[in-house]
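Report on one structure; see the data block that follows.
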Amino acid sequence: MNKFLKLVTATTVLSLAAGSMAMAQEGPIVIGVQAPTTGSEATYGKDMFNAISLAADEINADGGLLDGRQIELISGDTACDPQQSVNAASRLASQEVVGVVGGYCSGATQPTLKTYGDANIPFVIVAANSTQLIPANPGNAVMINSTGDDQAKTALDFFEGKGIEKLAIVNQGDAYSQDLANLTRDAWTGAGHTVSAFEYVNKGEQDFSALVNKIRGSGAEAVFWTAYYADGGLLIRQLRQRGFQGTIAVGDGSNSPELFNIAGKAAEGVFAFSNPTADFLPAAKQFASDYQSKFGNAPGPYAPLAYDGMQLMAWAIDKAGSTDGDAIIKALNSADGQEWLAGPISFTPQHTLARSNFVVLEGQGGKWTRYEK
Amino acid sequence: MTWYDSFLQQLVDGLVLGSFYALVALGYTMVFGVIKLLNFAHGDLYMTGAFAGFGGLSLVSGFLGAGWLGIFVAMLLAMLAVGCLGVVIERVAYHPMLGAPRLSILITALAVSLVLQNAALALTGGQYTAFSTDLGFGGISLGNLFLSYNQIVLVAAAAVLMIALELFVSKTLYGRAMRAVSIDKDMCRMMGINVSAVIAVTFFIGSGLAAAAGTMAGAYYGSIWYFMGFLIGLKAFTAAVIGGIGSITGAMLGGLILGLLESFGTHIPFIGSEWKDVFTFSILILVLVFKPTGLLGKSEVERM
Amino acid sequence: MIQTIDQTDAPAVGSRPGKVRLGIRDVEAFYGQIQALRGVSLDVHEGEIVTLLGSNGAGKSTTLKTISGLVRVQRGEVQLEGESIARLAAHEIARRGVVHVPEGRRILRGLTVKENLELGAFTVKDSGLRRQRLDEVYALFPILHERRHQDGSLLSGGQQQMLAMGRALMHGPSVMLLDEPSMGLAPKLVTDIMRIIKRLNEAGTTILLVEQNARLGLRLAHYAYVIENGEIRMQGAAAELRQDESIVKAYLGVGE
Amino acid sequence: MDKHSPPTPTDVDEHDAGRAKPRHPLQKLYAAFESPGRRRALHLTILAILIVTPWISSQYTTVILTNALLYVVLCLGLNVVVGYAGLLDLGYAAFFAVGAYTVGILTQQFGVNFWAAIPFALMAAALAGVIIGGPTLRLRSDYLAIVTLGFGEIVRFTARNLEITGGASGLSHIPEPSLFGWHIDSSIDFYYVFVVLAVLAYIASQRLFDSRLGRAWLYVRHDEDAAEAMGINRVATKLAAYVTGAIFGAIGGIFFSVNLGAISPESFSFQQSVLILLAVVLGGMGKIPGVILGAFIVVLGPELLRDFGTLRLLIFAVLLLLIMLFRPSGIWPEKRS
């Protein structure tokens, strides 16, 4: 037989087998986890997967859902690539998952909305937050990560409160950080202030000295880093090493205790915008220490949201009383502002988070503390 | 800052960055010299070197401390370990392919790169590892010009390594054998040179240099992760080509030029730093259009 | 005594001085699927100059390459001092004193004359001995001393040939395989090179010389073989072969 | 020296010289279909399987097969550049991007009809082919590699930095096309679109290979100078390879953009270019069935390994390495004459 035919047949047989393995009514409740667990974004993807599995384990230990059915997770690795994420989403859909939690990299999340929409699968988006996702949402997905608008507004208030006039904004060239940077710039110039430098770094580039010189040369009084903690930590280090004395603030993608490992002392006095997480709610404290002991590192910026996403999905399944897609989607949208790790969740008609409750944190003594001005 | 101060600062920073590129580019160029392979796994050896250096430092920091002495010893350990890894890779993956079309070896190198990257991902769980050292932030300020002690040590170390390599290649018999192998392998065999051994030594040195750069980068910047070799691998490849691939002096020159291009590219008036890489690659293409074999490369008829 | 051989496995014959230094028996070699040698047998005795004659594509160079290990011996045997070297890697064969001076000289481009020479003595660990040999080579070829800091590949053809031979001498060879040393040289230079080969031989080097120019080879050699289509067709003392114009013409088809 | 003797295997390991290679089983199998009638029967069988598959398998299978067919188009395009003309290209995703973005911008931002936008996308790709081909014509392989890589990165950076391309978020809500009243929107619809594209790409590849241009590529690849001596215009021939490859790539990109409905710079990274090249070399440069096989392997391989989670790419990479070691010229190499 031709090799090609073999491949086609093999694929067909495999997928049929996968289909027939699909869950019987009384089996475990299968939840898909859509996250980049390979490729350059795997750091964040694995973090999300870990947090979701922590939540699932807790729910299972508490007796599972719908009269004792256990939650089973299937990984849908997107590698942060749109093609691969559609493949992953189709596979999850073919395996008849009850719901999907995850979504990181807006570019890779967007095309999957249609896939889940067609299959009527509820989707809790925990990290991707581009405003472009809103109109692409057929109605089966809810976003529990606040969109950039809210954060840009928080940033505006914060920097104005500090009496800053000239602001430098640095992003990492991905959808999330570019979006937040653009929104902040527009808000900042709209309020009559100056953006003295609007810069960009490559992911994985370690040397920011030229950039730091440029920021210093621009006379910026404050720097706003809109991307993630790993490169942010390096930037903060190099800013302080080079004697930048002004205010440094980072977006919620950098809200991780890991930032202190990378930036060291330089992270002292750095501000972060964030949902009120981890250290400020009793449940969150427990989460942080469970996470640390189970996975050996501190939870990343999206771990609490991912954990919440799984809990929210479980809550909705319970509320719907079945694994029917429509019922769960209805339940999700009726979320009533109950407190989760990252604050209360309820949704707008656009299926985005109803409230904006960004708080400002300050790095002190190697950890984040609530900043009250 | 006056434009003059700023210019000097860019120059200094560009040279620091360029030293890293040059060290990594050297390995590219040496391997290319002896087996005409664009070793796409080289950047991942840099990453492996950073982790080996991290491991080495945690071994020795107990009695040597985590200052420059401890880092130096850790770097030597990393060079040794990754040098051996390079030799193993050559034996296992490239040596059996020497008769194959050159593109096939290139693909093999890409596969090796994927293996190293994903193995590191699996081992580290994708986490960024903080490379903590006792290095301070101190430095010398000359007016507005700032030079940190770390930068000085780093550039000096890179320079020592490069000079040592240059001396080895130009002055010792073995170094000459390395050059000879890159020119005519059969002739070398006829003269009693064990070509396989020379190739192995070349991989050892090239990989060792990448490991040195990886350890220094880890110590200097403070964090390492499984994907850190990708970008620098690309940059070092670019540097090696600008300088003229196969030429050792060319790789050093190419690395420094690339470092300077990036440093100054951030400051081009009217366009933002997001265009920096477009600028760099455009210069690269221009160089090659006017000097098709790179700055110091020799014209040589090659086929895929 | 002249013998015309049809049987490829016929033993080498003749009473020749000295022991057999290099013995080749029924060697077959291939390039891809094309058979280049179809059972070549020849002997080189201690102290001899043996010449291997033949036209283009007859298998002369291939024979040398199978001896020095550049081409794999598919079947048959190559022995140095009675010990098999047919399965050894090329550099190991060189280390046993068999040095191949390839056609086209293959000077290492970009390396100076001196560096080229020194690499010839790569296997010599004793640096004093290396220096001594370098002086000997410079004495033999003064022009190389004059040009020692130049890029070897920029020398003239005759000088390159001297460099190639000098490089081989640096090695301290017990057998020297010379592939067409006269090729592309002016007649005056050919005479010079031939004189040097003679001198080397008189100084104790055993030489296997491949030549397309039959007259030249026969004038220099003690013993000669003629190869055609990858097989030895004829062999005999050079002096006797030289006498027989007709045979030379019939098999080699060339004069001067 | 012996002018007619075979070339000395200078770079070949000494132990490899003189080993006769047996014919490859796939070649034997393919040879069994050498008669035109049998060949046609084989083609019809494959086509029938392609047509039936979505009806007997899951949506997931349809989606990944669609992806594999997209790769068939891209790989056959790159094969023209690499396999036919012997030019290295490490930035092939650039052409893919040019096709996708041109159609995306024209349809989504200017409301141009999808079918009307296609000629513009093809022209843009051809222009890109000339732009990249121009400066690289004097370069030999390794320098070609970096120039094409640089070009690919420039295209990606530009897409990320400009506003018209939607920046890092890219373009979304690219409208789905209609054809004579058939609204192409489900995954099965797109599957059939890509079946048609792959078949067309296959036929075009075959025709190109047999054409005068195909023979010119062959000459240029084997001996540039000799080709020129025979009156082949080296520059035009090489440019034609880049432009042809660019058009294949753009066609892939055009339909990719409407299939996903959204495009972003992540789809056109260096890794994407590498993956396409990988498929071509892995399958067997220059050999159409080999290249198709390669395209299926690089798409289906990582998919079939999904159950291994984070380790899937590690396993895939090790398998790749093994394949290359055991079949250094690709799984189904071109016959060497």
Side-chain angles (χ1 to χ4, degrees), chain B residues 32 35-36 38 40 92-93 95-108 110-119 121-122 125-126 184-186 189 230 234 237-238 240-242 245-246 272 274-275 277-278 280-282 284-286 288-289 292-294 297 300-304, chain D residues 8-14 16-17 82 86-88 134-136 138-147 149-151 153-154 157-158 160-161 221-225 270-271 274 277-278 280-282 285 310-325 327-330 333:
Chain B
F32 182 85
I35 60 170
K36 303 283 174 276
L38 295 176
F40 271 112
V92 173
H95 188 76
M97 303 280 295
L98 283 186
R102 284 182 53 202
L103 257 186
S104 299
I105 315 183
L106 188 81
I107 296 299
T108 311
L110 287 167
V112 170
S113 158
L114 273 177
V115 168
L116 289 176
Q117 243 171 49
N118 283 288
L121 168 62
D184 188 341
K185 286 190 193 48
D186 272 350
R189 294 192 176 101
F230 175 75
L234 224 57
F237 172 36
T238 310
V241 172
I242 291 181
I245 194 155
E274 70 265 34
W275 293 99
D277 295 279
V278 173
T280 308
F281 279 117
S282 307
L284 166 81
I285 292 175
L286 279 181
L288 291 183
V289 166
T293 50
E300 188 181 352
V301 178
E302 303 279 3
R303 298 237 178 253
M304 275 161 54
Chain D
T8 25
T10 40
D11 260 353
V12 179
D13 195 60
E14 62 244 45
D16 278 351
V82 175
L87 303 162
L88 185 50
T136 55
R138 292 169 60 207
L139 299 173
R140 303 285 176 174
S141 59
D142 312 297
Y143 299 94
L144 210 55
I146 186 77
V147 169
L149 186 160
F151 180 76
E153 290 294 277
I154 287 176
F157 286 131
T158 307
R160 194 195 49 200
N161 294 344
R221 174 166 54 123
H222 280 296
D223 192 336
E224 222 167 272
D225 300 329
F270 172 62
Q271 283 100 324
V274 161
L277 181 67
L278 189 90
V280 171
V281 178
L282 183 75
M285 275 182 285
T310 309
L311 294 178
R312 74 186 174 115
L313 284 187
L314 180 60
I315 296 167
F316 181 62
V318 171
L319 291 177
L320 277 184
L321 200 55
L322 290 176
I323 294 176
M324 290 318 292
L325 287 176
R327 298 213 58 82
S329 300

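All chains are named by letter (A, B, ...) in the order of the sequence lines, taking the proteins before the strands, and each is independently numbered beginning at 1.
Considering only heavy atoms from C-beta on, D/Leu277 comes within 4.5 Å of B/Leu106 through its side chain. Between B/Phe237 and D/Leu149 the shortest side-chain heavy-atom distance falls below 4.5 Å. In this structure the side chain of B/Ile285 reaches within 4.5 angstrom of the side chain of D/Ile154, judged on heavy atoms. Contact annotation: the side chain of D/Glu153 never approaches that of B/Asp277 to less than 4.5 Å [non-hydrogen atoms, C-beta and beyond]. Side chains of B/Val241 and D/Val147 form no contact here, defined as non-hydrogen atoms less than 4.5 Å apart.
Interface check for chain D: of the options B/Val278, B/Val289, B/Ile107, the most heavy-atom pairs under 4.5 Å are formed by B/Ile107. Your options are B/Leu121, B/Leu286, B/Ile105, B/Leu234, and the one with the most heavy-atom pairs under 4.5 Å with chain D is B/Leu234. Each of D/Thr310, D/Ile315, D/Leu321, D/Leu319 has some count of heavy-atom pairs under 4.5 Å with chain B, and the biggest count is that of D/Leu321. The residue among D/Ile323, D/Leu282, D/Thr158, D/Leu322 with the most heavy atom pairs within less than 4.5 Å of chain B is D/Thr158.
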Requested in this report: List the steps and the verdict of side-chain contact (heavy atoms from CB on, under 4.5 Å) for B/Leu110 and D/Leu320.
Outcome: CA-CA 9 Å; B/Leu110 287 167; D/Leu320 277 184; over 6 Å; no
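For the atom pair CG of D/Leu313 and CG of B/Leu114, the computed distance is 7.0 Å after rounding to the nearest 0.5 Å. One distance of note links CG of D/Leu278 with OG1 of B/Thr108; it measures 9.5 Å at 0.5 Å rounding. In this structure, the separation between CD1 on B/Ile245 and CD1 on D/Ile146 is 8.5 Å, given to the nearest 0.5 Å. Here OG of B/Ser104 is found 11.0 Å from CZ of D/Arg327. Values are rounded to the nearest 0.5 Å.
When all heavy atoms of B/Pro101 and D/Pro328 are compared, the pair lying nearest together is CD-O, 4.0 Å.
Heavy atoms of D/Leu311 lying under 4.5 Å from chain B belong exclusively to its side chain. For B/Leu284, the part sitting under 4.5 Å from any heavy atom of chain D is the side chain, from C-beta outward, and nothing else. For B/Ser282, the parts lying near chain D are the backbone and the side chain together; criterion is any non-hydrogen pair under 4.5 Å. Proximity to chain B (any heavy atom under 4.5 Å) is restricted, for D/Arg160, to the side chain, taken from C-beta onward.
Under the side chain to side chain contact (heavy atoms under 4.5 Å, CB included) criterion, B/Val92 pairs with B/Val88, sequence neighbours left out. In this structure B/Glu274 satisfies the side chain to side chain contact (heavy atoms under 4.5 Å, CB included) test together with A/Tyr200, D/Asn161, sequence neighbours excluded.
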